[in-house]
Amino acid sequence: MPELPEAESARALIEERGLGREIVAVDDGDTYVCRPHAPGELADALIGHRLVSAHRQGKALWAQTDDGPVLGLHLGMAGRIVIDDHAAGDYVSDGGRRHLPVWDRFTLHFADGGWMALRDKRRLGRAVLDPDLTRLGPDAAMVDRDTFRRRVGRGEGPLKARIMDQSVIAGVGNLLADEALWRACLDPRRPAGGLDAGELDRLRREIRATTRRAIERGGVHTGDLIAHRRRDGVCPRCGADMARATVGGRTTYWCTAEQR
DNA sequence: AGCATTGTTTCACA
DNA sequence: TTGTGAAACAATGC
């Protein structure tokens with residue numbers, strides 16, 4: 001699920017319900033999610049502190065602490081942030097008595113008895129101290145027109161790969177890319193450097209609009225194209241067949257009639 | 001059984 | 001040196 005819209009929802013949740021609460025215990029035992037940290041390193045660094053602000057750039061999340069380290073979080077392919085919500089689901093019975101949140105890969109426990117977890121079935125999410133954000137491009141929802149033109153409109157690689165390159169612009173994933181390219185009527189396979197200024201402006205506008213709407217509606221899976229990303233899908237706008245191919249290393253769907 | 005999956009990093013190769 | 005593409009990573013769902 002997680003692309004920029006999901007990351008922004010997670011950031012807002014942390015900001016709303018995760019700040020100002022004293023951390024008294026930390027579950028950081030998943031050495032893959034917490035790599036390269038050893039078990040206990042995040043706990044030692046975070047216990048006694050409070051999160052004081054929540055930030056996001058692209059899909060990257062981080063929280064500042066009071067006089068402590070920065071806590072970096074990434075939702076990976078299937079992660080989400082859950083705070084205090086015992087009714088959030090994803091619990092597995094241990095044989096009838098208890099129900100265990102087996103997919104909580106990293107958890108902060110607060111002095112008030114509440115908690116905040118990175119819940120991630122796939123374990124591709126990350127929790128790290130002082131994350132390196134230097135290789136991240138400008139946020140896809142904030143990037144200005146001239147910067148977008150300059151960064152996206154170059155290179156021989158396919159346009160879709162360009163907008164999904166997190167060092168070019170940050171936040172666009174596979175589904176958002178297909179949706180925005182479809183809305184902008186642009187062929188995902190075109191060399192990025194071959195677009196003119198008008199096409200780049202159109203693409204930027206649709207990325208921003210698609211992102212904004214996904215945040216309002218609850219995620220990238222609420223897009224108009226999603227249901228039609230299938231082998232026998234047809235374009236919900238014009239009815240033409242959808243094409244399917246691997247572009248930029250990911251499964252890609254586009255309208256055979258409208259996207260040029 | 002086999003294939004696909006919303007992300008990132010690493011590595012081979014031009 | 002830079003850019004591109006495939007594979008690996010982990011685990012689940014169809």
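A note on names: the letters A, B, ... follow the listed sequences, proteins ahead of strands, and every chain is numbered from 1.
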Of all the heavy-atom pairs spanning A/E258 and A/C238, show the shortest one and how long it is.
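So the two residues come closest at OE2-CB, 3.3 Å.
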Where A/D120 and A/R105 come nearest, the two heavy atoms and their spacing
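Smallest heavy-atom distance, with atoms named: O-NE, 2.6 Å.
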If the [atom1] atom of [N] is compared with that of [M], how far apart are they to the nearest Å?
N	M	atom1	value
C/dA7	B/dC3	P	14 Å
B/dT9	C/dT12	P	23 Å
C/dA6	B/dA4	P	14 Å

From [atom1] of [X] over to [atom2] of [N], roughly how many Å is that when rounded to an integer?
X	N	atom1	atom2	value
A/K160	B/dG7	NZ	C1'	13 Å
A/D178	B/dT5	CG	P	10 Å
A/R229	B/dT5	CZ	P	7 Å
A/R230	B/dA4	CZ	P	16 Å
A/D165	C/dT4	CG	C1'	11 Å
A/L136	B/dG7	CG	P	13 Å

Across the strands shown, which category fits A/R231 at heavy-atom distances under 4.0 angstrom: base, sugar-phosphate, nothing?
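Touches sugar-phosphate only.
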Interface polar pairs with nucleotides 8-10 of chain B, N/O, under 3.5 angstrom:
| residue | atom | partner | partner atom | Å |
| --- | --- | --- | --- | --- |
| B/dT8 | OP1 | A/H74 | NE2 | 2.9 |
| B/dT8 | OP2 | A/K59 | NZ | 3.1 |

Which Ile, Leu, Val, Met, Phe, Trp or Tyr residues join A/L42 in one cluster when any pair of side-chain heavy atoms under 4.5 Å counts as a link?
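In the cluster with A/L42 are A/L13, A/I14, A/L19, A/I23, A/V26, A/V33, A/L46, A/I47, A/L51, A/L61, A/L71, A/L73, A/L75, A/I81, A/I83, A/F106, A/L108, A/F110, A/M116, A/L118, A/L129.
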Hydrophobic cluster of A/V247, others only, ordered by chain and residue number, side-chain cut-off 4.5 Å
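A/W254, all in the cluster of A/V247.
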Do the numbers put A/R145 on top of the ring of A/F148, so that NZ or CZ is under 6.0 Å from the six-membered ring centre and no more than 45° off the axis?
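Cation-pi check for A/R145 and A/F148: fails.
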Taking the cut-offs as 6.0 angstrom to the six-membered ring centre and 45 degrees off its axis, would you call A/R237 and A/W182 a cation-pi pair?
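Satisfied, under 6.0 Å and within 45°.
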Using atom types as modelled and distance alone, determine if a side-chain donor or acceptor of A/Q259 lies under 3.5 Å from a backbone N or O of A/C255.
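Yes.
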Give a yes or no on whether the backbone of A/G193 and the side-chain of A/E156 come within a donor-acceptor separation of less than 3.5 Å.
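Answer holds: no.
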Please encode protein proximity along nucleotides 6-14 of chain C as a string of B, S and -, counting only heavy-atom distances under 4.0 Å.
---BBBBS-
When you check the side-chain N and O atoms of A/S53 and A/H55, is any donor under 3.5 Å from an acceptor?
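Distance-only check passes for A/S53 and A/H55.
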Under the side chain to side chain donor-acceptor pair (under 3.5 Å) definition, can you give me all pairs with a residue in residues 63-78 of chain A, not counting sequence neighbours?
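The answer is A/H49-A/D66.
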State whether A/T251 places a side-chain N or O below 4.0 Å from either non-bridging phosphate oxygen (OP1 or OP2) of B/dT5.
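Yes, because at least one side-chain N or O of A/T251 sits under 4.0 Å from OP1 or OP2 of B/dT5.
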Using a cut-off of 6.0 Å, state whether more than 12 heavy atoms not belonging to A/R213 lie near its atom CZ.
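Check passes, neighbour count above 12.
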Could you spell out the base pairing of DNA chain B as a dot-bracket line? Use Watson-Crick and G-U wobble contacts where both distances are under 3.5 Å, [ ] for crossing pairs, | for partners on a different strand.
.||||.||||||||
